[in-house]
Each structure stands twice: as C-alpha cells, then as structure tokens.
Amino acid sequence: MTERELLIKGLEQIGLNIYPQTVDNFLKFSDMLLEKNKVVNLTAITEPIEVISRHFLDCAMIAPDIISEEKVIDIGTGAGFPGLPLAILCTDTEFVLIDALRKRIDFLNQVIAQLGLKNVTAIHARAEELKSRQSFSAAVSRAVADLSVLSELTLPLVKVDGKFIAMKAQDCQNEVERATKAIQILGGGKPIIKTYTVVETDIVRAKVEIKKIKDTPLKYPRRFSKISAAPLGGK
Ligand code: SAM
C-alpha cells in the first residue's frame with residue numbers, strides 16, 4: 001500500500017470528510033518533515049509509511065473529539081503533533097500550537113505557510129508562561145510530560161466547560177490515578193480513559209479526557225522548576 005492509499009483508507013475508517021487538498025496537505029507535510037529531520041531533530045520516525053500511521057493516523061484518531069471545538073491549543077506540539085494533522089482535518093476550528101523549542105516552531109511556520117493553512121498559528125512559548133488564561137475551548141497534548149505535570153501546564157488555559165485530551169500510552173492507568181488529585185485542584189473533573197486501536201495498524205493507545213468543571217485557582221501554574229520538583233498531589 002502506498003502512503004496515499006494508507007492515509008485515505010485510515011481517514012475514511014475514522015469517518016472524516018477528506019478532500020484531495022486534505023491528502024495533498026498531509027503528504028506535503030510528511031515530505032517537509034522527513035527532509036527537515038535530516039538537519040534538525042524533529043522525529044524519531046524516518047520511514048514515510050510510519051509517518052502516516054504513527055503520526056498522522058494516530059493524531060487523526062482524536063479529530064472526532066475536537067471537530068466541533070472553536071479554539072484548540074496543542075501544548076508541546078514538537079513537529080506539530082497532534083495539532084497540525086488536526087488543523088488539516090478540522091478546518092473550521094482555530095488552532096494554536098506551542099512549543100518551548102524555537103527550531104520546531106520555525107519548522108511549523110514553514111509548513112503552515114507552504115500549505116496555506118489559515119486556521120493555525122505556531123508560537124514559540126512555554127505553556128506555563130502563556131498569558132491566555134482560560135481562553136481555549138479545548139487543549140490537546142501528546143508525549144510531553146507525566147499527567148500531573150501536564151495538567152498544570154494545560155488546564156489553566158482551558159475555559160470552564162471546555163476539555164483537555166491527553167494522548168497517552170495504553171497502560172496509563174497508574175499515571176492517571178496519580179494525577180487525579182492534581183486535576184481536581186486545577187479545576188478538572190474525573191479523568192476518563194478510552195483505549196483504542198489506531199486505524200490500519202495494531203497500535204493500541206489511550207486518550208484521557210478531562211472536563212474543566214471550575215476555574216483554576218490563580219496561583220497555578222507555578223514556575224516550571226516548582227511544577228516538576230513538586231507535582232500537585234504528590235509524586
Ligand atoms: N507532541 C509532540 C509529539 O507527540 O510528537 C512532541 C513530543 S516531544 C517528546 C515534547 C515536546 O514538548 C518538546 O518539543 C518540548 O520542547 C515540548 N515541551 C516540553 N515542556 C514544555 C513546556 N513547558 N511548554 C512548551 N513546550 C514544552
């Protein structure tokens with residue numbers, strides 16, 4: 001199966017609307033990612049077919065959860081995951097992708113310009129220093145930090161009644177249990193774990209959905225050194 005065929009088959013199985021432009025955008029993004037990866041460290045994945053399955057289809061699995069959202073932030077987006085595939089798929093949703101590493105954001109700005117995407121902005125920033133408190137209807141994140149640390153980076157940015165979806169490994173049960181107290185302090189509800197198999201693969205992953213049910217106390221987030229040295233709710 002070619003990369004194009006795998007991508008179309010996978011996206012169809014998720015039940016997403018796909019247009020020729022959608023597929024072209026994904027393939028252009030993949031080319032740019034693999035090319036730039038030769039000089040800047042962006043991803044451990046170097047096979048084009050794995051970019052489709054392990055990056056694009058994996059990220060597309062949460063598109064149905066955010067397609068009706070108004071404004072979504074991706075914390076620690078790295079080379080654009082999951083935010084950029086979601087922005088390609090959910091064109092009526094506005095996305096902000098942030099990362100602490102400038103080189104990754106510079107790359108994303110090149111991709112956004114090349115693809116002509118109008119619904120996404122990439123910003124070089126640390127999540128805990130962002131001033132946009134409680135202004136996103138949803139937040140997403142993959143492979144950034146332990147959930148108790150990640151929740152302090154993320155939940156202060158989400159509006160009450162909004163949600164946070166953390167993409168995690170299949171066996172995240174203990175991590176989620178350890179983070180439950182922190183989530184509650186930060187204004188989140190009970191985390192719900194849903195496991196799923198990425199379409200067209202045998203990769204099993206989990207998404208942890210946390211609803212924001214009340215305001216985050218103003219003293220959070222703390223400085224990163226504090227967040228990581230003393231995660232809320234204990235280590
Ligand atoms: N989310 C991407 C993915 O799934 O491929 C990238 C994962 S990479 C392992 C983690 C990224 O999180 C890095 O690019 C790092 O710079 C970023 N990061 C870590 N802490 C951060 C913070 N406090 N604010 C913004 N970005 C952060």
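Nothing fancy with the numbering, it's 1 onward along the sequence. Values below: all heavy atoms of this structure, side chains included; hydrogens, waters and symmetry mates excluded. Note that the structure is predicted; figures quoted are calculated from it, not measured. For ligands, and for the atoms within them, numbers begin at 1 and follow the listed sequence.
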Do the non-hydrogen side-chain atoms of Leu86 and Val72 ever get within less than 4.5 Å of each other?
-> no

Every residue of the protein that comes under 4.0 Å of ligand 1, judged on heavy atoms | Gly76, Thr77, Gly78, Phe81, Asp99, Ala100, Leu101, Arg104, Ala125, Arg126, Ala127, Glu128, Arg142, Ala143, Val144, Leu153

Can you run down the side chain to side chain donor-acceptor pair (under 3.5 Å) pairs that involve residues 149-174, sequence neighbours left out, and say none if there aren't any?
-> Glu152-Arg222, Lys168-Glu175, Gln173-Glu177

Considering only heavy atoms from C-beta outward, does the side chain of Ser141 approach that of Phe164 to under 4.5 Å?
-> yes

With a 4.5 Å heavy-atom cut-off, do Thr22 and Thr91 have their side chains touching?
-> no

Would you please name every residue forming a salt bridge (Lys or Arg N to Asp or Glu O under 4.0 Å) with Arg4, sequence neighbours left out?
-> Asp24

Set of salt bridge (Lys or Arg N to Asp or Glu O under 4.0 Å) partners for Asp65, sequence neighbours left out = Lys207

